[in-house]
Amino acid sequence: AELAPLNSDTEKDRIDWSQVEAKFGALPKLPDGTKAGAVSKTLTNEYWRSLGEGYKAFGDKVGVPVVYQAAQSEGDQLGQLTIAEGLVTQGYNVLLVSPQTDANLQPIMEQAKAANVPVVNVNDAVIPQAEHYVGNVQRDNGVRVAKWFIKNRPNGGKVAIVEGQAGVYAAVQRTDGFKTTISESGKFEVVASVPGNWDRQTSYDAATNILQQHPNLIGFYANNDGMALGIVEAVKAAGLQDKVAVFGTDGISDAYASIRAGELTGTVDSFPVLTGEVALETALRLVAGQKLPRVVATPQALITKDNAHRYSGAGDAVRKALIEDAAAGH
Amino acid sequence: MSDTTLVQPRAEFLRGFSMRDAGTLIGLVVILAVFGALVPGFFAERNLINILQQSSINACLALGMTLVIISGGIDLSVGPTAALSAVISASMLVAGVPFPLAIAAGFAIGLACGLVNGVLVAYVGLQPFIVTLGTLSTYRALALIYTGGNPVLGLPASFRAIFNGSLFGLPLAVIIVAGVAVVAWVVLKKTPFGEYLLAVGGNEEAAYIAGVPIARTKIAAYMISGLLAALAAQILIGRLGAAEPILGNLWELDAIAAAAIGGASLMGGKGSVVGTILGAVILGAMRNGLTLMNVQSFYQLLATGLIILAAMLIDRVTRGRG
Amino acid sequence: MSDTTLVQPRAEFLRGFSMRDAGTLIGLVVILAVFGALVPGFFAERNLINILQQSSINACLALGMTLVIISGGIDLSVGPTAALSAVISASMLVAGVPFPLAIAAGFAIGLACGLVNGVLVAYVGLQPFIVTLGTLSTYRALALIYTGGNPVLGLPASFRAIFNGSLFGLPLAVIIVAGVAVVAWVVLKKTPFGEYLLAVGGNEEAAYIAGVPIARTKIAAYMISGLLAALAAQILIGRLGAAEPILGNLWELDAIAAAAIGGASLMGGKGSVVGTILGAVILGAMRNGLTLMNVQSFYQLLATGLIILAAMLIDRVTRGRG
Amino acid sequence: MAPRLQFDGISKLFPAVRALNDVSFSVGAGEIHGLLGENGAGKSTLLRILSGVYRPTAGSVLIDGKPVTLANPVAARAAGVAMIHQELQQVPRLSVAQNMFLGHPLTRGRIFVARLEQERRAAEALAAIDPSIDPAAPLGTLTVAQRQIVEIARALLDRARIVAMDEPTSSLTPSEFERLAEVITGLARDGVAVVYVSHKLDEVFGICRRATIMRDGAVVDSVDLKSLSEKAVVAMMVGRELAQEQHRSHASGEVMLSVRGLASTKVRDVSFDLHRGEVLGIAGLVGSGRTELLRLLAGVDRASAGTIAIDGRAARFSSPRDAIAAGIGLVPEERKREGIVPLRSITSNMALASMGVFAPRGVIDHIRLKQVAAEKMSRVNLRPFLLDRSIQLFSGGNQQKAIIGRWLAAGTRILLFDEPTRGIDVGAKAEIYHLIEELAAEGHSVVVVSSELPEVIRLADRVLVMRDGTIAAELDTSDISEQAIAAHAIPQTQTPATRPARQ
Ligand SMILES: Nc1ncnc2c1ncn2[C@@H]1O[C@H](COP(=O)(O)OP(=O)(O)OP(=O)(O)O)[C@@H](O)[C@H]1O
Ligand SMILES: Nc1ncnc2c1ncn2[C@@H]1O[C@H](COP(=O)(O)OP(=O)(O)OP(=O)(O)O)[C@@H](O)[C@H]1O
Ligand SMILES: [Mg+2]
Ligand SMILES: [Mg+2]
């Protein structure tokens, strides 16, 4: 039967990453010579490099070689397809793909199926036919930041959004999650929602213009951390750092540094290293023949100065903290 | 320098295969040889077919680009034109419109986008680069607005089969583009329009006085470019099973690179269909080889840049100035 | 057509402010008027300063681009050149190297990038578009490799103060770029090099026969473009406090658009410093106005495309053919 | 004493062409030396070697007895060579003075261009030939003739030891040549060696005592012109005797083209009829609007008033295409800019105006095209007879033949020639005259604009004299003479020397 097109945010057949081991036991023994191929969007963003580290770390742990490639730039859709096709031809046992868009790696699904290679869609853009997805709920990124505002700025006020590249799934979902949640509270007004194109300078300029028109703005939400750090500089240049809260998304190391320095208010960390580990584990379980739910949800957390220490330690410490979170039902 | 403006008389080995094309061919052979030596399985039949298939979309666009470049213009808007054409065809297909109609609508969009470019260049007299830079944003925006930024999913499998099939072991997309190349070659070499293109790009004023319909020639070039962008879009959505408004990002650069590697001069009046196809295959082989070698993406980017320069250099050396 | 190639005798209002520039100015006035009517506070002093500041980086690049375009070339590699210069200066600053040295190193990188472009164009005789397309990838890759893809953070506050200060109420960046514009204007209008640029782009063969040092002139143009890209990079990292290897993405398109709106012809031999500055401010005012109006991103993209076309049209109408 | 300039065994090979073959001759200080030969004989190639544009394949150039290396134009200039190139080598967007000083501008403090000083010096140099040219004007606003004068004046600036002039008068009128002749003899008096290339034999006989005659890249002989007749020289150039032909009229009474009250910016109220088989000459001073008139008739520019009728039917041209469809074709004045598509072959250039004929079903019939090209190009006597070679590699005269062939192939009935033999050798000139007559005899109608009065007289059945954009006189066969034309061409109030300046 045809699979229904996947919506990773709402799919019912899902499991939280922390439950996997409990439900399916330890990772079974793998066939000899198992190797995994992975392709992600771009290495120009730390998020994707960290994801690769996660793959590598888990691969090393279980003795599976992982080849990790990425397109030359964000938006190089056909280049990414070429890479993925190369991986299929080269006979990897499982593919982990983080597509540029919802559609550009579609042909891979068929080619991999024909070659009997499972494919795991990792994070962000979602291939509708994907049989397996590992990642977080994009919309939830925005929701978490909106909830922070509702909780910490009870009087409400004006907020602004700086969006990623127009039309990109993650940007659309994050923006929508924030906008919807914060508007529903009734006290906040989204006075601007403008494109920052994942670009620091563009975001800086946009933030400058917004602040000038709305000097009483209380906060920004940016679709990624690079843009948020640009906004922080604009806020500082306008002398409003104590009045305007700035949130990013991704949890790159610079964002942590800025949070600790008291500049960036917060970010939604989606733990790319852990995501990578979980994704490869999921992929290998499939290779070993286990039947997993269609979606394995990975964690995310809103990081602020108060809790940054908890999530920025070594890998195992973070893992432990997140397992606690999961248990606590965050 | 005086001798850069003079062309060496060329001994044509075969009609339509010039010295210049031989230079490009040597470039391709060198690159194939290098990858063949470095990558086991590079010359496997399956991989060679992969290279052709992966080059086909760029080749399709680059053919249109070549005609535009020959006419003395440039078309930066091919990617967004393809995107607009793709989302409109796709949404018609999803709505159940018969294939021929939906495909025709996609082609019509391509032609219309080309028409707008052509009219602004030929009748209004604006610079091609800046016109198509403007329409690059405009068409992209229209595609995004039309779809609300969402991909159009769920194309009928039977539609996809059209572009995904194989014939004599070759993917249909490759065969279609090869057909387009043959037509483009005939058009350029054997029809008045081809002569007009070369004349308009070579010396617009002289062409005008000789009675060449300047405006119509230019507009036709842009419309063909738009049409081929639309064709590339159909091939792509057939392959992907979905149409996205952000499809075709940076396609123009690859297409221009293929045309230039193949010998087209951005000053107009010069360009080769055979060369462009070879140029597209050079770029495709390079991507494919680098991937198979598992080169990290930063180094792939480096290699891309260096290989474009190397291809031009090899060609330059084998051919002498010009 | 005959009348596109003839030069209209132009009544120069002032030396250096041509009819053509007046056309661009009208374009700017129209755009300012429209936004002024639509956006409350658009004409506030603070916002006007904002516009200038936000235009300054593009203006800086566009000035270099104008010189290259006048020489008959194009420089697509400005963004990556800026990125490479930025990450190298920044990492030196972070390592505690004194400012002048770190800044000088950044400038040296810009000059070196320009030198490579210039040599490939002038001595090797490759097409400028394709050379700088190749170096676009190459320089970007070098910046990424050098930093491992990470931004360089933590620039000393005192360094940032250099480029973030104000003088007479104007941001220093604006003043620096204004100074660059004055120098560029003098160079183009008053020095042999300016004449050589116009001659090389206007009729290379004639320039060669007259004894103009063709290669040196072209190389100098690319080196200036590289240097100004490096300057733009310093201004930007001063403002943002961080240098990213991916900085400057698509800068070349904005810079080319500014130069073209300002009257530079991509065929070479023609361009105006005043026009380019006006062109950069047009683009900056547009971005600013659209943000203040909180136009949704798809429609901003649409407006960007349409305004580029409109600016060229207004200019075209006020000026007649040419 | 060694001669000022000596060519010693110069050869030049281009791919597939030997342009020069062991050329040797010398020119003394103070000598004005003519260099004669048919189109493609190699004159320009030789002078381009002298001026450092080309490097010789073999042989050397000696100045004052010493071999010099002329590696590039700068080296040639440093060696004391100034050159006027056959094709105008100018930058339209720069001013006249900037063009004249291009490559070696006068500077203030070595940084800034000394604009005013340049303009003053340029004006001085121009004054000798045409004081009306404004040195500050953008060069693109000048007429071809004025641009040529600028080119000459530029060569005078240098105070060179050797001045090479490659057809400096191709767009000039005899009166302008008079002043140029004075300038050149002045140079010679100062000890400059002048090499003078022209297809106008009367000029060469007027100012040169000796001349070298070239054919097919080789020197035929260096001769003393005082002891030879023009006819003998021509015979040496073309390698055979040229019959002197007389004008013959083929005009019929049938009106083919009828123009009434035609006007545009530069043309006022022009009316005339052109008959079948007639050759109509249009004479006038440079700038009198002749080119402009032809452009209106050919649909290149649009008229602001007036009517054109062909075969009695009113015609309206919105582009040359319309005019071509109505049977009118223009052989333009500026061949390089308006005539040829440089990268394309002779055949392509010829066929450009008649694609419909060669591609009746949309695809070009190359066999037919080849036949027609071979036929038309042998009719115009193309040399070398290489139909697939790109046209830019041919000499000017042969390019012109291809453009004429273009209209023969298109079956054009009304041919408009603007300076048809500018830069064309005597042999080819005779061929073109013959061709024009043949065309007339076949029932074509021809309009010939020419600044060379002998040419007009030789060809025309009837002459219109233009002055200030309007027709000042119409001369019938019996009235045509140089004096009559000149009398009508020159404005009453002023002499040709003070032709109004255009800026
Ligand atoms: N760059 C070139 N490459 C190939 N052939 C050339 C080149 N330049 C000139 N020729 C050939 O060399 C020969 C001599 O040409 P050149 O221009 O010197 O003749 P010319 O005597 O000046 O003729 P004209 O009187 O028409 O000016 C011609 O056959 C021409 O086609
Ligand atoms: N490119 C140009 N720019 C400005 N004015 C021009 C241009 N070409 C011609 N003119 C002007 O048009 C007028 C008529 O010139 P036209 O060329 O028709 O004269 P002509 O009699 O054919 O002279 P010529 O022998 O120089 O061609 C002249 O006053 C001339 O200055
Ligand atoms: Mg010559
Ligand atoms: Mg004339």
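What you see below is based on every heavy atom in this structure, not just the backbone, and it leaves out hydrogens, waters and symmetry mates. Below, read A as the first sequence line, B as the second, and so on, with proteins coming before strands; counting in each chain starts at 1. Note that the structure is predicted; figures quoted are calculated from it, not measured.
Of the two parts of A:Pro128, only the side chain, counted from C-beta on, holds a non-hydrogen atom closer than 4.5 Å to a non-hydrogen atom of chain B. The parts of A:Thr44 that come within reach of chain B are both its backbone and its side chain, each placing non-hydrogen atoms under 4.5 angstrom from that chain. In this structure, the portions of A:Leu43 lying under 4.5 Å from any heavy atom of chain B include both its backbone and its side chain. B:Thr147 does not touch chain A: none of its heavy atoms, backbone or side chain, sits under 4.5 Å away. Of the two parts of A:Ala71, only the backbone, made up of N, CA, C and O, holds a non-hydrogen atom closer than 4.5 Å to a non-hydrogen atom of chain B. Heavy atoms of B:Asn294 lying under 4.5 Å from chain A belong to its backbone as well as its side chain. Contacts of B:Arg160 with chain A are made by side-chain atoms alone, with heavy-atom separations under 4.5 Å and no backbone atom involved. There is no contact between A:Gln165 and chain B, counting heavy-atom distances below 4.5 Å. B:Leu301 touches chain A through backbone and side chain together, each having a heavy atom under 4.5 Å away. With a 4.5 Å cut-off on non-hydrogen atoms, B:Pro245 does not touch chain A at all.
Of all heavy-atom pairs between A:Gln90 and B:Leu292, the closest is NE2-O, 3.0 Å. Closest of all the heavy-atom pairs between A:Leu81 and B:Leu240 is CD2-CD2, 4.3 Å. Closest of all the heavy-atom pairs between A:Gln77 and B:Ile246 is NE2-O, 2.9 Å. Looking at every heavy atom in both residues, B:Arg239 comes nearest to A:Pro107 through O-CG, 3.3 Å. Between A:Asn104 and B:Glu244, the shortest heavy-atom contact is N-OE1, 4.1 Å.
Chain A forms more heavy-atom pairs under 4.5 Å with one residue of B:Leu247, B:Leu236, B:Asn150, B:Asn58 than with any other, namely B:Leu247.
Side-chain N or O atoms of A:Gln69 include one that pairs as donor or acceptor with a backbone N or O of B:Thr291 at under 3.5 Å.
Here B:Leu155 contributes atom CG and A:Gln106 contributes atom CD; the two are 9.5 Å apart, rounded to the nearest 0.5 Å. In this structure, B:Ile49 CD1 and A:Thr89 OG1 are separated by 12.0 Å, a value rounded to the nearest 0.5 Å. Between the CD atom in A:Glu85 and the CG atom in B:Asn50 there is a gap of 5.5 Å [rounded to 0.5 Å]. Taking OG from B:Ser297 and NZ from A:Lys41, the interatomic distance works out to 14.0 Å, rounded to the nearest 0.5 Å. To the nearest 0.5 Å, atoms CZ (B:Arg287) and CG (A:Asp76) are separated by 5.5 Å.
The neighbour count for B:Phe43 CZ, taken as heavy atoms of other residues, nucleotides or ligands under 6.0 Å away, is above 12.
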